[in-house]
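Inspection log for the structure reproduced underneath, given as structure tokens.
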Amino acid sequence: MLDTKVTELLNTQINKELYSAYLYLAFSNYFTDEGLDGFANWYQVQAQEERDHAMLFLKYLQNNSEKVTLEAVERPVQTFESHLIVLEAGLAHERYVTELIHTIYDAAYAKKDFRTMQFLDWFVKEQGEEEKNAEDLVKKMNLYGSDPKSLYMLDTELAARVYAAPSLVL
Ligand code: FEO
């Protein structure tokens, strides 16, 4: 059995990851409407990764004989003023998720819950990568977003992203 507080935070994280998926689907829909299919693809793949994250938390709880409680997923914002604002919101969201992961880690550390800490190590690394990806998108949009030809090329680059299952298997 896991500590009550650790279990509660892990359970909440399922919801946060599903919300992340929902948020990125909203981003994807926005870019589809804007005619930027590459950006739409990029965020659709990202949404799939977030669903995987949710399932990893769910499975970890079940593997430790903890009951999972599913809560309502919040409605994401769906109107945006510019392409850049979406990308900046993505970066801010990933930084927020990093804080959430660190909070769970803190709780596990306080309880000497080495198993959960080891499970979370993958997410700590993953968040580093996700923040970097989000930062890169913001940088690229700042550099190229105002030139239609460059934006087209950036969109083409993002169209190439393909989904890959997570390297963490439970
Ligand atoms: Fe599951 Fe992008 O954090």
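Remember, predicted model here, so these are calculated numbers, not experimental data.
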Please check if the side chain of [X] supplies one atom and the backbone of [Y] the other of a donor-acceptor pair under 3.5 Å.
X   : Y    : answer
Q78 : P76  : yes
T98 : E94  : yes
N63 : L170 : no
S28 : Y24  : no
D3  : K111 : no

Closest approach of [X] and [Y], non-hydrogen atoms and distance?
X    : Y    : result
P166 : D52  : CD-OD2, 3.2 Å
K16  : Y96  : NZ-OH, 2.8 Å
L154 : M141 : CD2-N, 4.4 Å

Point-to-point distance, once rounded to the nearest 0.5 Å, from [atom1] of [X] to [atom2] of [Y]:
X    : Y    : atom1 : atom2 : answer
I104 : Q13  : CD1   : CD    : 4.0 Å
L25  : R51  : CG    : CZ    : 5.5 Å
L61  : I14  : CG    : CD1   : 5.0 Å
R95  : E131 : CZ    : CD    : 6.0 Å
Q127 : I101 : CD    : CD1   : 5.5 Å
N15  : T69  : CG    : OG1   : 11.0 Å

- Linking I/L/V/M/F/W/Y whenever their side-chain heavy atoms sit closer than 4.5 Å, directly or via other members, would I85 and Y22 fall into one cluster?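 Different hydrophobic clusters.
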
- Task: Could you give me the CA-CA distance, side-chain angles and deciding distance for Y163 and N41, then say whether side-chain hydrogen bond (donor to acceptor under 3.5 Å, both in side chains) is met?
- Result: CA-CA 10 Å; Y163 167 73; N41 169 67; over 6 Å; no

- Sequence-distant partners of E129, salt bridge (charged side-chain N to carboxylate O under 4.0 Å, His left out), two or more places apart: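 Partners of E129 by the salt bridge (charged side-chain N to carboxylate O under 4.0 Å, His left out) criterion, ordered by chain and then number, come out as K125.
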
Side chains of [X] and [Y], donor plus acceptor under 3.5 Å:
X    : Y    : answer
W122 : S167 : yes
T116 : Y60  : yes
Y152 : D147 : no
Q46  : R161 : yes
D121 : Y105 : yes
H53  : S20  : no

- Task: Using side chain to side chain contact (heavy atoms under 4.5 Å, CB included) as the criterion, point out the one residue from L2, N64, L58 that pairs with L10.
- Result: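 Among L2, N64, L58, the one meeting side chain to side chain contact (heavy atoms under 4.5 Å, CB included) with L10 is L2.
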
- Message: Between F57 and F119 (judged by ring centroids, cut-off 6.0 Å), do the two rings come close enough to count as a pair?
- Response: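 Centroid separation for F57 and F119: below 6.0 Å.
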
- Looking at F27 versus H83, is the centre-to-centre ring distance below 6.0 Å?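 Centroid distance F27-H83: not below 6.0 Å, so no.
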
Would you say the side chain of [Y] lies within less than 4.5 Å of the side chain of [X], judging by non-hydrogen atoms?
X   : Y   : answer
E17 : V97 : yes
T7  : L9  : no
L87 : F39 : yes

- Hey, can you tell me if Y43 and F31 have their rings parallel, tilted or perpendicular (30° and 60° cut-offs)?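 Parallel.
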
- Item | side-chain hydrogen bond (donor to acceptor under 3.5 Å, both in side chains) assessment of Y144 paired with K149 | CA-CA 9 Å; Y144 311 122; K149 203 169 160 186; over 6 Å; no

- Any chance CD of E50 has more than 12 other-residue heavy atoms, nucleotides or ligands included, within less than 6.0 Å?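 It does: E50 CD has more than 12 such atoms within range.
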
